[in-house]
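Counting convention: from 1, in listed order, for ligands and their atoms alike.
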Amino acid sequence: MSVIFPEGREFEFVAIGRLCIDLNANEINRPMEQTMTFTKYVGGSPANITIGMSRLGRKTAFIGKIADDQMGRFIHGYLTREGIDTRNVVTDKTGAVTGLAFTEIKSPTDCSILMYRDNAADLKLSPTEVSEELIASSRMLLVSGTALAASPSREAALLALDYARKHGTVVVLDIDYRPYTWKSPEETAAYCNLAAEKSDIIVGTREEFDQMERFERNPDRSDRYTAEKWFGCKAGIVIIKHGKEGSIAYTKDGGEHRARSFPAKVVKTFGAGDSYAAGFLHGLLSGWTIERSMEFGSAAACIVISSHSCSDAMPTETQVKDYIERCERGEITAG
Ligand SMILES: Nc1ncnc2c1ncn2[C@@H]1O[C@H](COP(=O)(O)OP(=O)(O)O)[C@@H](O)[C@H]1O
Ligand SMILES: O=C(O)C[C@@H](O)[C@H](O)C(=O)COP(=O)(O)O
């Protein structure tokens with residue numbers, strides 16, 4: 001195993017980053033201009049992953065900031081009901097608002113997100129509000145790259161990385177690139193690279209790694225090149241996702257593991273990465289092989305992309321295993 005998790009910790013997983021709202025179009029297969037109604041869900045990539053980990057039976061906690069409004073209270077209540085520890089979910093007192101993500105589902109393959117993130121509460125999390133004790137009592141810390149997009153959340157996330165290093169907590173960086181949150185691609189590359197240097201596991205799509213490599217020579221967009229670079233720092237596992245084509249995990253010991261994707265009746269494509277991450281990390285914590293963990297993540301992703309929501313559709317372990325068995329029996333086909 002290229003990454004060893006510390007034992008005897010109160011929490012198995014803690015994430016730092018945004019807690020937001022998804023407003024998913026009810027009238028699907030049409031552009032946003034013609035969409036009249038939406039269903040509200042808890043959203044934000046790290047929130048979705050944490051909910052996924054909790055559904056998979058993991059003891060989880062969250063470090064973040066919510067608005068002092070109805071949306072913030074909705075998020076807090078949902079996390080609590082999901083069994084996620086919220087002692088480090090801080091309420092903003094400056095009048096910041098909850099980030100909103102309106103989803104446009106034009107077709108199962110043509111989806112986009114319209115984000116409202118001006119004065120978003122999640123980016124107001126300050127370093128003094130990050131609990132060192134919570135990170136020290138967790139086996140794994142997941143950092144969402146978007147938390148690095150602006151101060152003071154940027155410094156809070158970097159401090160969390162330092163606390164994790166000090167206490168031997170395994171760090172997972174999900175690059176989670178959302179262009180509208182950043183000032184420039186150059187700024188994104190600088191801060192995501194800084195966080196990646198301090199991370200044990202790095203997860204991103206090929207396009208997200210391209211974003212970080214804009215000043216380098218990787219003209220063939222080689223996944224192996226990308227992974228090797230991070231093995232020269234702290235990383236033990238680098239995962240590069242390729243949508244429907246599956247994903248590749250490289251390990252520091254020279255391993256290269258490919259995961260196929262499963263068939264799915266796709267409603268929308270977003271949520272794939274978050275459910276994949278939850279499934280994969282659950283597998284690693286269970287002591288499964290990289291291949292089995294990736295396969296589990298891929299099946300979890302199919303369940304979410306076949307559903308209307310991201311957070312609410314996060315599956316249990318039984319649901320994922322059942323999905324894999326049904327695929328093996330040929331009961332699920334793409335469509
Ligand atoms: N259309 C699809 N059909 C089946 N599985 C998919 C599909 N899209 C994504 N997945 C699964 O979800 C994983 C993550 O999806 P990807 O689109 O690469 O990430 P992200 O959602 O972060 O952009 C993929 O590696 C694959 O296993
Ligand atoms: O991350 C957000 O702020 C929006 C998410 O809640 C949304 O559902 C989504 O885009 C998930 O994206 P993915 O898993 O990276 O595809």
Side-chain angles (χ1 to χ4, degrees), residues 15 17-25 38-52 64 75 78 98-105 107-117 120-123 144-147 149 174-181 203-211 223 239-249 257-280 291 293-314 320 323-324 327 332-335:
R18 67 191 180 287
L19 295 161
C20 295
I21 297 286
D22 281 353
L23 290 155
N24 288 5
F38 300 84
T39 299
K40 180 178 83 173
Y41 302 102
V42 169
S45 172
N48 295 336
I49 298 172
T50 309
I51 292 163
I75 293 167
Y78 189 93
T98 306
L100 304 177
F102 289 89
T103 62
E104 179 181 56
I105 308 174
S107 79
T109 51
D110 187 4
C111 303
S112 64
I113 296 178
L114 183 61
M115 282 210 173
Y116 284 60
R117 289 191 53 72
D122 58 273
L123 291 172
S144 155
T146 300
D174 185 342
I175 303 167
D176 181 31
Y177 176 54
R178 311 283 170 172
Y180 25 74
T181 308
V203 185
T205 62
R206 181 63 254 168
E207 295 71 27
E208 288 173 330
F209 282 105
D210 290 345
Q211 184 64 33
D223 289 345
I239 298 193
I240 301 167
K241 298 177 287 182
H242 289 270
K244 196 179 175 183
E245 306 310 314
S247 53
I248 310 173
H257 313 267
R258 286 174 190 265
R260 61 185 169 129
S261 63
F262 289 92
K265 301 240 178 288
V266 183
V267 174
K268 42 80 179 144
T269 48
F270 39 81
D274 298 342
S275 39
Y276 175 92
F280 175 75
E291 284 87 353
S293 304
M294 292 170 85
E295 176 175 270
F296 192 86
S298 303
C302 285
I303 293 174
V304 168
I305 60 180
S306 312
S307 314
H308 190 252
S309 72
C310 294
S311 55
D312 233 26
M314 287 289 168
V320 180
Y323 193 90
I324 295 172
C327 288
I332 300 177
T333 50

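- In terms of N/O distances under 3.5 Å, ligand 1 is approached by Gly273.
- Proximity of Leu114 to Glu104: side-chain heavy atoms (C-beta onward) are nowhere separated by under 4.5 Å.
- The distance criterion of under 3.5 Å between nitrogen or oxygen atoms is not met by Phe270 with respect to ligand 2.
- If you check the side chains of Thr103 and Asn24, you find a donor sitting under 3.5 Å from an acceptor.
- Under 4.0 angstrom from ligand 1, the non-hydrogen atoms of Ala301 all belong to its side chain.
- Checked options Asn48, Val304, Ile113, Ile305; the residue passing with Phe270 is Ile113 (criterion: side chain to side chain contact (heavy atoms under 4.5 Å, CB included)).
- Between the His308 side chain and the Val267 main chain, no donor and acceptor come within less than 3.5 Å of each other.
- If you check which protein heavy atom lies closest to atom 4 (C) of ligand 2, you get Asp22 OD1, 3.5 Å.
- Classification of Asp223 and Lys241 as a salt-bridged pair fails, no side-chain N sitting under 4.0 Å from a carboxylate O.
- Contacts between Thr146 and ligand 2 below 4.0 angstrom, taking non-hydrogen atoms only, are absent altogether.
- Regarding atom 15 (O) of ligand 1, its nearest protein heavy-atom neighbour is Ala272 CB, 3.5 Å.
- Here the options are Asp122, Asp176, Asp174, the test is salt bridge (Lys or Arg N to Asp or Glu O under 4.0 Å), and the partner is Arg18; only Asp176 passes.
- Near Gly273, with a cut-off below 4.0 Å to any heavy atom, the atoms of ligand 2 are 14 (O), 16 (O).
- Not a single heavy atom of Cys20 sits less than 4.0 Å from an atom of ligand 2.
- Here Thr103 has no heavy atoms under 4.0 Å from ligand 2, in either its backbone or its side chain.
- Below 4.0 Å from some heavy atom of Cys310 lie the following atoms of ligand 2, by number and element: 8 (O).
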Between Met314 and Asp274, does the side-chain contact (heavy atoms from CB on, under 4.5 Å) criterion hold? Intermediate values first, please. CA-CA 9 Å; Met314 287 289 168; Asp274 298 342; 3.9 Å; yes
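- For atom 22 (O) of ligand 1, the nearest protein heavy atom (residue, atom name, distance) is Lys241 NZ, 2.9 Å.
- Among the atoms of Tyr276, none of the N or O lies under 3.5 angstrom from an N or O of ligand 1.
- The distance criterion of under 3.5 Å between nitrogen or oxygen atoms is met by Ser45 with respect to ligand 2.
- Taking the side chain as every heavy atom from C-beta outward, Glu295 and Val320 never approach each other to under 4.5 Å.
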**Message:** Using the rule given for side-chain contact (heavy atoms from CB on, under 4.5 Å), can you reason through Gln211 versus Ile175, listing the C-alpha separation, both sets of side-chain angles and the distance that settles it, and then say yes or no?
**Reply:** CA-CA 10 Å; Gln211 184 64 33; Ile175 303 167; over 6 Å; no
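- Side-chain atoms of Lys268 come within 3.5 Å of backbone atoms of Ser309 as a donor-acceptor pair (strictly under, hydrogens ignored).
- For atom 23 (O) of ligand 1, the nearest protein heavy atom (residue, atom name, distance) is Thr205 CG2, 3.4 Å.
- Distance from atom 1 (N) of ligand 1 to its nearest protein heavy atom, with residue and atom name: Lys244 CG, 3.7 Å.
- Across Ala334, Ser261, Pro108, Gly243, heavy-atom proximity to atom 24 (C) of ligand 1 is greatest for Gly243.
- In Cys302, the part holding a heavy atom less than 4.0 Å from any atom of ligand 1 is the side chain.
- The Gly246 neighbourhood of ligand 1 comprises atoms 25 (O), with distances under 4.0 Å to a heavy atom of that residue.
- Atom 4 (C) of ligand 1 has its closest protein heavy atom at Phe262 O, 3.2 Å.
- The closest protein non-hydrogen atom to atom 2 (C) of ligand 1 is Ile305 CD1, 3.6 Å.
- If you check which protein heavy atom lies closest to atom 10 (O) of ligand 2, you get Ile113 CD1, 2.8 Å.
- The nearest protein atom to atom 12 (O) of ligand 2, hydrogens excluded, is given as Arg178 NH2, 3.3 Å; this is a heavy-atom distance.
- When non-hydrogen atoms are compared, ligand 1 lies under 4.0 Å from neither the backbone nor the side chain of Phe270.
- For atom 13 (P) of ligand 2, the nearest protein heavy atom (residue, atom name, distance) is Gly271 N, 3.4 Å.
- Judged by distance alone, the side chain of Lys265 and the main-chain N or O of Thr333 form a donor-acceptor pair under 3.5 Å.
- Between Asp274 and ligand 2, an N or O atom pair is found at a separation short of 3.5 Å.
- At least one donor-acceptor pair closer than 3.5 Å links the side chain of Ser311 to the backbone N or O of Val42.
- Between Arg260 and Glu245 no salt bridge is recorded (no basic side-chain N to carboxylate O distance below 4.0 Å).
- At the shortest separation from atom 27 (O) of ligand 1 among protein heavy atoms lies Ser298 OG, 3.3 Å.
- Atom CZ of Phe102 has more than 12 heavy atoms from other residues, nucleotides or ligands within 6.0 Å.
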